[in-house]
Amino acid sequence: MGKRKWYVVWEGTEPGICETWEECRQRVEHVPHARYKSFNTREEAIVAFRNNGDDDAALIRAIANAPTTTVVNYAAIPEIYPGSVAVDGACSGNPGLMEYRGVDIFSGKELFRQGPYPDGTNNVAEFLAIVHALAWLNNQGKTMTAVYTDSRNALLWVKKKHCNTKLARTGRNEKLFEIIARAERWLATHDYKNFVIKWQTDKWGECPADFGRK
RNA sequence: ACAU
DNA sequence: AGATGT
Ligand SMILES: [Mg+2]
Ligand SMILES: [Mg+2]
């Protein structure tokens, strides 16, 4: 995604924003448990911390008081349909501990979350997230609700109805391979109408379902 | 190169 | 800095 601009610092230090890597590094280097993270925009920082259930008032205030950036109002972007579901997959290590979820595209309210599963990949997570959203929506009769993903890969795999992962079986991920097989089976046996749409991260910022770990 |  | 994928 290129260079990041915002560095948010917290834990073991007064939460705050740094605008340069140098500033962030200085602030964190002698604080053993300090954490930091980079973002493109202030809004992405806020979304990420809310998504992680981080309610630290001082942190949110620090982010909110940071110098201004452009506010992305999803509702004002015609290509983002109201009521849609945004999905994202995440991995701690790649391959690593894998999970995925779907949220309401405007409110960010979590609609489903699966995992963590051991020994998965980013792309498997993104693929399963889309299929889960499709099945979840169709179970509720929401046959016209669009699904947004930032993964070009997963989008292709879903179109082909095939998860073309190179992931090795480890014995710890047998259950995951069953879930993949079940997802492919669902795609093969269901004629869904829901659009699956590329989330344009370059134009719109981080997807609302993002786990905020990058 | 592009997307995670 | 490394991995997953087309
Ligand atoms: Mg993603
Ligand atoms: Mg993400």
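A, B, ... follow the sequence lines: proteins, then strands. Residue 1 opens every chain.
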task = Calculate the interatomic distance between K159(A) atom NZ and dT6(C) atom P; express it in whole Å.
result = 14 Å
ask   = Closer than 4.0 Å, any side-chain N/O of N164(A) to the OP1 or OP2 of dG5(C)?
value = no
query = Quick one: E126(A) CD to dA3(C) C1', roughly how many Å, whole number?
reply = 14 Å
query = Does F177(A) CZ have over 12 foreign heavy atoms under 6.0 Å away?
reply = yes
Distance in angstrom units between L156(A) CG and dT4(C) C1', rounded = 14 Å
query = Which whole-number value in Å describes the distance from L128(A) CG to dT4(C) C1'?
reply = 14 Å
message = Salt bridge check, K161(A) against E184(A): does any charged N sit closer than 4.0 Å to a carboxylate O?
response = no
request  = Would you kindly check whether a donor in the side chain of R152(A) faces an acceptor in the base of dT6(C), or vice versa, at under 3.5 angstrom?
outcome  = yes
message = Please tell me whether W136(A) and H132(A) form a close aromatic pair, meaning their ring centres lie under 6.0 Å apart.
response = no
ask   = Reckon T121(A) has a side-chain N or O less than 4.0 Å from the OP1 or OP2 of dA3(C)?
value = no
request  = Any chance you could lay out the side chain to side chain contact (heavy atoms under 4.5 Å, CB included) test for R113(A) and F211(A), step after step, and finish with the verdict?
outcome  = CA-CA 11 Å; R113(A) 178 192 284 254; F211(A) 285 81; 3.6 Å; yes
key: Any K166(A) side-chain nitrogen or oxygen under 4.0 Å from OP1 or OP2 of dT6(C)   = yes
ask   = In terms of side-chain heavy atoms of K198(A), which of dT6(C), dG5(C), rA3(B) is nearest?
value = rA3(B)
note = When rounded to whole Å, the CG to P distance for the pair D150(A) and rC2(B) reads 16 Å
inquiry  = Restricting to side-chain hydrogen bond (donor to acceptor under 3.5 Å, both in side chains), what partner residues turn up for S107(A), sequence neighbours left out?
reply    = D104(A)
key: N/O (side chain, T201(A)) to phosphate O (OP1/OP2, rU4(B)) under 4.0 Å   = yes
key: Whole-Å gap separating C1' (dG5(C)) and NZ (K160(A))   = 11 Å
key: Side-chain donor/acceptor contact of N123(A) with base of rU4(B) under 3.5 Å   = no
inquiry  = Between C1' on dT4(C) and CG on D119(A), what's the gap in Å once rounded to a whole number?
reply    = 14 Å
query = W157(A) CH2 to dT4(C) P: how many Å, rounded?
reply = 11 Å
